[in-house]
Amino acid sequence: MRVLSAILVFVALSTSAKTELDSLKGVWDDRSFPDTVRIEAYSNYIRKGFLHANPDSAFKLCLVMEEFARKIDRPDWIAEADYMKGTTFFYKGDFTAALPLFKEALKLWEKDGDIMKVGTANNGLAVIHSQLGNHDQAISYYMKALKIREAEGDSLGVSSILNNIGLLYKEQEQYDRSVELFNRALKLAENLGNDTRLGTTLENLGILYSVKGELDSATSYFKQALIYKYKMNDVRSIASSLLNIGGNYVKLGEIDSAEAYLNKSLQISRERGLKVSELSALGNLGELYKTRGETSKAIDYVEQAHAIATGLGALDKQRSTSKMLSELYKGAGRYEDALKMYELYVTTRDSLLSEQNQREILRQEYKYEYEKEALTDSLEFAKKEAVMVEHSEKQRLGLVAAGGGLVLLIALAFAIYRGKKRSDELLLNILPEETAQELKEKGHSDAQLIEHVTVLFTDFKGFTALSEKVTPKELVKDLHECFSAFDNICGKYGIEKIKTIGDAYMAAGGLPSPNTTHAQDVVKAALEMREFVEKGKRDKVAKGLPFFEIRIGVHTGPVVAGIVGVKKFQYDIWGDTVNTASRMESSGEAGKVNISQTTYELVKDQFTCEYRGEVEAKGKGKLKMYFVEKL
């Protein structure tokens, strides 16, 4: 009965929507309107009338729009057509087809300089990669989109992106972070009074509480969301909300209510070609029939869902359907099939929840916080520079008026000297002095093979766990303090910092100019880095605050060193020595400096070392390793 009432409301709302669509179509058909007015109306006609409700029809209309945009030479509207075409594929669950269209739209909007649309395209690409299980790429695109939306003061866009990032954290099972992001998005939507965003955010909160097992709260959020979905006449979202309510009723044991909602969602999804919603409805109906004890029927529905998930390449859906099938096959006595599905479940689960994915998400988030602060600093610096330039210009004009030619020449010479000095300082911040000098003199720098270099890698243990307990801003602050201290330590021992990679730090001694003390210098630096982090840990423990620890690895050998990049120079090193040094770090222990046999032979007379034996190193086999204890 509740479903029927909602459908009647939907029919009533459809009448006013049809009037608006007729008006938009009328503008498109009337050739007396300017081309830009006509194509904008046609775009809205597609979005409001077909994009969500009928993706196949929307795609055909987009082709007409694209042809017209090319005829009037408007790349911005070609991009709009590409993006909507990609959206039709997304709604049908064909993510691989959507991806190149979104990329093409992004390229055109970047060329056109439309910052807001660039944000839209980045958000779309993030959603696609999230569906494909590429969470590291997804978070990268999300953060680009978020920076644009915040810079433009677009609260509605910020709310949308916060919702999407919240869903990504949900997939990573970081539920507290998801709740925080969803609530931020909800507050923005309430302040704006935006029904679409309110519906989306309430539904996401329902999904999260359902996963957490707080089913009554989830049902409440889902029903609030459904009201907004009907109000907005968004058929795709209506199917999604009906699906979520039905799935929640399954978990609550209210099977009859669940079946009505799920079947209605399945019907709408199949009629409109909404593959993702169809997949989920099938999966939930499978769960329902399993609860009823109708195992054969349950298997049929979940197998259909699994086939769609596999066809879409949606790892998160493959994970859930393979787990369900494993349990169902086991219950039906199909043990071999159950084992295969369980193996598939473990594979997809490990892929989605890999440490690399989680760390990349965190790296991108604190990178976003850092860049936001850096942007603020840059703007302040630019203001000060503008004041100085204005002041200098006034002085220059005063000098000219006074006829002080010599003084003017001196002032100009000083300005040139100051600018050159500043550019030299900036260059030395990113390149070794010898390499910077070579670059200035020759216009390029030759790569060189250096026979004996000692390479150091550091990495933080407990970094992922810490990130769940502190804000990204606090995390950036801790990393900034550590890396700044490491920079100072490297400077003290004449060691060259190579780069940071997320929460890892890489440096090397004995380059670009070879020396005979590089091994001792690097080990001394490693011990000081360890002590700095240990002191920070002690201080945090005393205050009852979360902390991280450090692993450090060191290896000595030959490397190739040189500059990479054209617009942004970077001094880097390559070779097996680098890989082995990285393995020394990953094969070490928290609070320890782990060195290779080669490095040990060079420092054994200066340091007390503990032989660990031959330790298995990934991709290297067994290697002799030592812990450095002290000088």
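Counting from 1, the numbers follow the sequence of the chain as shown. Since the structure is predicted, the reported quantities are computational estimates derived from the model, not experimental observations.
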Has Lys323 got more than 12 heavy atoms of other residues, nucleotides or ligands less than 6.0 Å from its NZ?
-> no

By side-chain hydrogen bond (donor to acceptor under 3.5 Å, both in side chains), which residues pair with Asn183, not counting sequence neighbours?
-> none

Go through the steps to decide whether Thr120 and Asn122 satisfy the test side-chain hydrogen bond (donor to acceptor under 3.5 Å, both in side chains), and finish with yes or no.
-> CA-CA 6 Å; Thr120 297; Asn122 275 304; over 6 Å; no

Can we call the ring centroids of Phe59 and Phe50 under 6.0 Å apart?
-> no

Rounded to the nearest 0.5 Å, how far apart are CG of Leu266 and CD of Glu271?
-> 10.0 Å

Between Glu180 and Arg177, is the closest basic N to carboxylate O distance under 4.0 Å?
-> yes

Measure the spacing between OG1 of Thr291 and CD of Glu259 and express it to the nearest 0.5 Å.
-> 11.5 Å

OG1 (Thr200) and CG (Asn194) are apart, to the nearest 0.5 Å, by 8.5 Å

Minimum heavy-atom separation for Lys290 to Ala298, with atom names?
-> N-CB, 3.6 Å

Between the CG atom in Leu188 and the OG1 atom in Thr201, the distance rounded to the nearest 0.5 Å is 9.0 Å

What do you reckon, is NZ of Lys212 surrounded by more than 12 foreign heavy atoms closer than 6.0 Å?
-> yes

Point-to-point distance, once rounded to the nearest 0.5 Å, from CZ of Arg184 to CG of Leu162 | 4.5 Å

Can you establish whether the number of heavy atoms outside Lys275 located under 6.0 Å from its atom NZ is more than 12?
-> no

Would you call Tyr221 and Tyr209 a side-chain contact if the rule is heavy atoms closer than 4.5 Å?
-> yes

Please say whether more than 12 non-hydrogen atoms of neighbouring residues, nucleotides or ligands are located less than 6.0 Å from CD in Glu67.
-> no

Can Glu104 and Lys107 be counted as an ion pair, charged N to O under 4.0 angstrom?
-> yes

Before accepting this row, confirm whether a basic side-chain N of the pair Arg74/Glu40 lies closer than 4.0 Å to the acidic partner's carboxylate O.
-> no

State plainly whether the residues Lys71 and Asp35 are in salt-bridge range, i.e. N to O under 4.0 Å.
-> no

Is the OH atom of Tyr228 crowded by more than 12 outside heavy atoms at less than 6.0 Å?
-> no

How far does CG of Asp76 sit from CH2 of Trp109, to the nearest 0.5 angstrom?
-> 9.0 Å

Return the set of residues passing side-chain hydrogen bond (donor to acceptor under 3.5 Å, both in side chains) with Thr219 (not counting sequence neighbours), or none when no residue passes.
-> Asn248

